Amino acid sequence: MTERVNNFFESKIDSIKGIGPQRAELLNKELAIFTYRDLLQHYPFRYEDRTRFYTISELNENLPAVQLKGRLRDWRIEGEGAKKRLLGTFSDGTGTIELVWFQGIAYFEKFLRRDAEYVVYGKAVAFGSRYSITHPEIDLLTPENEKAGYWQPIYNLTVKLNRRFIDSKVIGKAMRNLLQVAHPHIRETLPAELVQQYRLVSKAEAVWYIHLPSSWEALEQARRRLKFEELFYNQLRLIKNKLLHKTEFPGQIFGAIPSVARFYNDFLPFSLTNAQKRVLREIREDLKSGKQMNRLLQGDVGSGKTIVAFIAMLMAIDNNAQACLMAPTEILADQHYKGLKPFAELLGLNICKLTGSSKKSERKIIHEQLLDGTMHIIVGTHALLEDVVQFKNLGLCIIDEQHRFGVAQRSRLWAKNPVFFPHILVMTATPIPRTLAMTLYGDLDVSVIDEMPAGRKPIKTIHRYDSHRLSVFGFMQDEISKGRQVYVVYPLIEESEKLDLKDLMDGYESVSRAFSDSQISILHGKMKPRDKEFEMERFIKRETQIMVATTVIEVGVNVPNASLMVIESAQRFGLSQLHQLRGRVGRGADQSYCILMSDVKLSRETRTRLDTMCRTNNGFEIADVDLQLRGPGDLAGTQQSGLAGLIIADLAKDGEILKAARASAERILEDDPALQTPKNDPIRLQIENQTNDETNWSRIS
Ligand code: ADP
Ligand code: MG
C-alpha cells in the first residue's frame, strides 16, 4: 500500500515562525488547531482591502474601512475612569485626523512613538470638520507594508485569542511563513483532466491564494478550486458508498406480487397519480433487483406517500417477508396504523402497533407474532428499534419523516435481518433543495412525488396582524358554520416552554370565550400520550370543531375536514415548519385557508418568510428560499450539522459547482470503479491518505 505521503502536514504548529509554544497552546485550546494541516485549513472568512492607500483629503463618510499612511504627530491621554482615552494626531500631508483608543491604553502608551511613520487602518467617522478613527489598526511603516497591494485575510478567532494579541494579522503572518515552507509539499489532489476541464488553479496555488490573495481574481480562482475539490470528494464518497451497497449487499428478491394487483383492482379507493405510479415502478424495480434498496421518497405533504408505502409493503408480504413502518411520534404512528389497518384487513393481513406506551402484555404477543411470522405489518415509533423486537423475516423497512431519525438508527433497522438486510424506504415530507439532497442523501436513490392528487384546491394563505383578530375570528366562525374544522397553532420553543405554554392557555381561553357554541380540543407536548390521543381522536371524529395546539400536530396528521389553520406568532416559525404545518389543511375537497398572524414589527427576513408562504404552495420553492435565508446547516437540523464536513462550499450558493462535481465523480467512477487507472492516481492517493478521516477527502494531505 502507499505510504502516508505527507507526514509533513502533521507537524506541530509551534515550529512555525511567528507562533511558538505559547501561541500554539492557545490555538490548540481555542480552535483545535494542532498541525500544519489544521492551520492551512483555517480559511479566512473575509478579506480587508489593503490594495491601496487613501489620503486624508479623500476621506468621506461613505467609504468603508480604509488604509492611510502618515506620521503620528503626537499623542496624549484625556479623561478619567471609563472616559479615559488615548488620542493621537495623525497627518499625511493632505490633512490631519484623530486616532482614539479606549482600550489597551497601557499597551499603546508603551508602543506608540511620536513622529514615527505608521500605516493605519479603520473606518473614518466625521466629527465636525475633522475625521477620527476609533481603535484603528496601527503598524509602523515598513518597506513591506508600504507596498500595499494586498488583501488582509480575516480569520475566525476567539475573544481569548484576541485578548492575548493573536489577531488576524498575527495569523496572517504565521500563515505566510508556513506557506513559504509548505508550498512545495502541497500535492495536486485532482486528476489533470478535471483541472483542465474546469480550468482550475492547482491545489498549491489555491491554498496560497485563499490565505494571501494577490488580487480579487486570484482569490475567486482559489475559492472556486477548493469548493470544487471539496464537493467532488464529498460526492465521490457518497457515490462510492452507493455503488458499494449495490455490489456488496444483496437484497431479497420479491418476485410475484398477486395481492398488489388484487388491491389495485378491487380496493383502491382512488386512482393513483402518475407520480405515485412512477415511484411505485421505481420501488418495484429495486425490490426485484436482488440488491438492497436504499431509497429516499420525497413528496410534499398530502402528495399521498402512505398508499405508496402500503403497496410497497404488499410486495414484501407477497413474498413471505414482513414490513415495518417507523414514525417519529406516537400520534403519527397511530395515524399510520389507523390509516393502514382498513386496507390490511381488506386483504386479510395482520397489522399491529408498537410504541413506548404499549402495554407489556401486548408487547409480548407482538414479539411472538413477529417471530413466528404471523404478524405481517408493524407500525411504531423508536420502540421498534429495541433489540427485543425480532422478526421471522423482515423484508422492508419504511421510515417516515427521516429528518428526525439519524443514520445510526437506520443501521439498527438493518440489523434486524441478519440473512438479508431489509430493503429501506425513507419517506420525507420536507422538501429538500436538490443541492442539499445531493450532499445529505447522495448515497440513496431518490424518488419524488411531484404531483398532487387530482381535485385538490391550492390552499389560500394570507397574513394578518394581531390587531385584525376579530375579523379572523369571524372567518373562523364562517368555516365552522359550514361544518368544517379549524386548527389554531401556537409556537412552542423549548427554551421558553413555560411562557409558550401560557400563551397557548391564554389563547385557548380567548378562543373558548369567542366560540362558546363550539367544542374545543387542546393539544400540546406536555400532555400524557393517552390524553393527546384522546383529544386528537375527538377532533378526528368531529366532536370538536377547533383544535388549539402547539406544533405537535406538525407532521403527518390527517383530518380532511379541517379547512382552516390559524398560525399564531407566525414570525417565530421557520419557513419549512410553516409549510409543514399548513400541510395539515387542504387535504379534503373543500377550499382551505391558512392565516398567518403576527405583530406589526417584523424584520426583513421574517417578511420574506411570510410573503413566500402567501405566494406559493410549492414545497421545493419554499425549501429553496429557506436555504437562501438560513443556510444549509440550520435547514437540516442539528443532527446533520457539520453537513458532510464541508468547510468552504456553501450549498446555498454553490449549486452549480456541486452539479459539476457530482457529474465528474459519477463519470470517473463509472469509467474506473476501483480508481485504478494512472490518470486517477491523485484520487486514489488522496483517499488512501485520508482513510482515517472519513468526513472530508478534500483535506490537505
Ligand atoms: P402524505 O404524502 O402527506 O403522507 P397522505 O399519504 O397522508 O399524504 O395522503 C393524503 C391524503 O390524500 C390521504 O387522505 C390519502 O388517502 C389521499 N390520497 C392519496 N393518494 C391519492 C390519490 N391518488 N387520489 C386521491 N387521493 C389520494
Ligand atoms: Mg404522511
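As the structure is a prediction and not an experimental result, all values here were calculated from the model. In listed order, ligands and their atoms are each counted from 1. One is the number of the first residue; the rest follow in order along the sequence.
Of the N or O atoms in Ala454, none lie within a sub-3.5 Å distance of an N or O in ligand 1. Between Pro560 and ligand 1, no N or O atom pair is found at a separation short of 3.5 Å.
With a heavy-atom cut-off of 4.0 Å, Asp300 touches ligand 1 through its backbone alone. With a 4.0 Å heavy-atom cut-off, ligand 1 is reached by no atom of Met427. Of the heavy atoms in Thr273, both backbone and side-chain atoms come closer than 4.0 Å to ligand 1. The backbone of Ser271, and not its side chain, has at least one atom closer than 4.0 Å to an atom of ligand 1 (non-hydrogen atoms only; backbone = N, CA, C, O).
Of the candidates Gln580, His336, Arg587, Arg456, Arg456 brings a heavy atom nearest to atom 11 (C) of ligand 1.
Residue pairs that meet the ring pair (Phe, Tyr, Trp, His ring centres under 6.0 Å) test with at least one member in residues 530-551, sequence neighbours left out, are Tyr487-Phe539.
The existence of a salt bridge linking Asp286 and Arg295 is confirmed by a sub-4.0 Å separation between a basic side-chain nitrogen and an acidic carboxylate oxygen. Of the charged side-chain nitrogens involved, none lies within less than 4.0 Å of a carboxylate oxygen, so that Arg615 and Asp611 do not count as a salt-bridged pair.
By the 6.0 Å contact criterion, NZ on Lys653 is open, its count of non-hydrogen atoms from other residues, nucleotides or ligands being 12 or less.
Checked by atom type, the side-chain pair Asp372/Thr374 shows a donor-acceptor distance below 3.5 Å.
For ligand 1 and Leu272, the ligand atoms under 4.0 Å from any heavy atom of the residue are 23 (N). Listed by atom number, the atoms of ligand 1 under 4.0 Å from Thr306 heavy atoms are 4 (O), 5 (P), 6 (O), 7 (O).
In this structure, Phe267 and Phe263 have tilted ring planes: the angle between them lies in the 30° to 60° band.
The closest approach between Ser303 and ligand 1 falls below 4.0 Å for a heavy atom of the residue.
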Without placing hydrogens or testing angles, list every side-chain donor-acceptor pair under 3.5 Å for residues 473-480, not counting sequence neighbours.
| residue | atom | partner | partner atom | Å |
| --- | --- | --- | --- | --- |
| Glu479 | OE1 | Ser563 | OG | 2.7 |
| Glu479 | OE2 | Lys482 | NZ | 2.9 |

